[in-house]
S.K.: 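My questions all concern the structure below.
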Amino acid sequence: MHSEMATECDACGQRFDLVAGGACMRCRKVYCSRHLHGSWVRRLMVDFGSEPLCVACRQAA
């Protein structure tokens with residue numbers, strides 16, 4: 001799926017489609033999929049209802 005909306009990742013500055021990434025529920029920053037989820041397993045967990053937490057917030061906890 002591809003949308004018309006894109007933004008830049010707060011971690012790496014790369015432009016990405018909003019469908020591919022999102023916002024962290026803890027720090028409220030917008031990240032690409034690599035910095036938000038970190039892995040496809042974590043992405044799947046978020047798709048099934050886990051809170052979207054970025055890699056940095058998960059490591060800090």
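One-based numbering along the sequence shown.
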S.K.: Report the C-alpha separation of Arg42 and Leu53 in whole Å, then their side-chain angles, then the decisive distance to 0.1 Å, and conclude whether the side-chain contact (heavy atoms from CB on, under 4.5 Å) test is met.
M.R.: CA-CA 9 Å; Arg42 181 66 189 170; Leu53 297 175; 4.2 Å; yes
S.K.: Distance from His35 atom NE2 to Cys12 atom SG, nearest 0.5 Å?
M.R.: 5.0 Å
S.K.: If hydrophobic clusters are built by linking Ile, Leu, Val, Met, Phe, Trp and Tyr wherever their side-chain heavy atoms come under 4.5 Å apart, do Met45 and Phe48 end up in the same one?
M.R.: yes
S.K.: Without placing hydrogens or testing angles, list every side-chain donor-acceptor pair under 3.5 Å for residues 18-32, not counting sequence neighbours.
M.R.:
{"unit_1": "Arg26", "atom_1": "NH1", "unit_2": "Cys57", "atom_2": "O", "d": "3.2"}

S.K.: Would the distance check show the side chain of Arg58 and the main-chain N or O of His37 forming a donor-acceptor pair, the cut-off being under 3.5 Å?
M.R.: yes
S.K.: Report the C-alpha separation of Phe16 and Ser33 in whole Å, then their side-chain angles, then the decisive distance to 0.1 Å, and conclude whether the side-chain contact (heavy atoms from CB on, under 4.5 Å) test is met.
M.R.: CA-CA 9 Å; Phe16 68 94; Ser33 183; over 6 Å; no
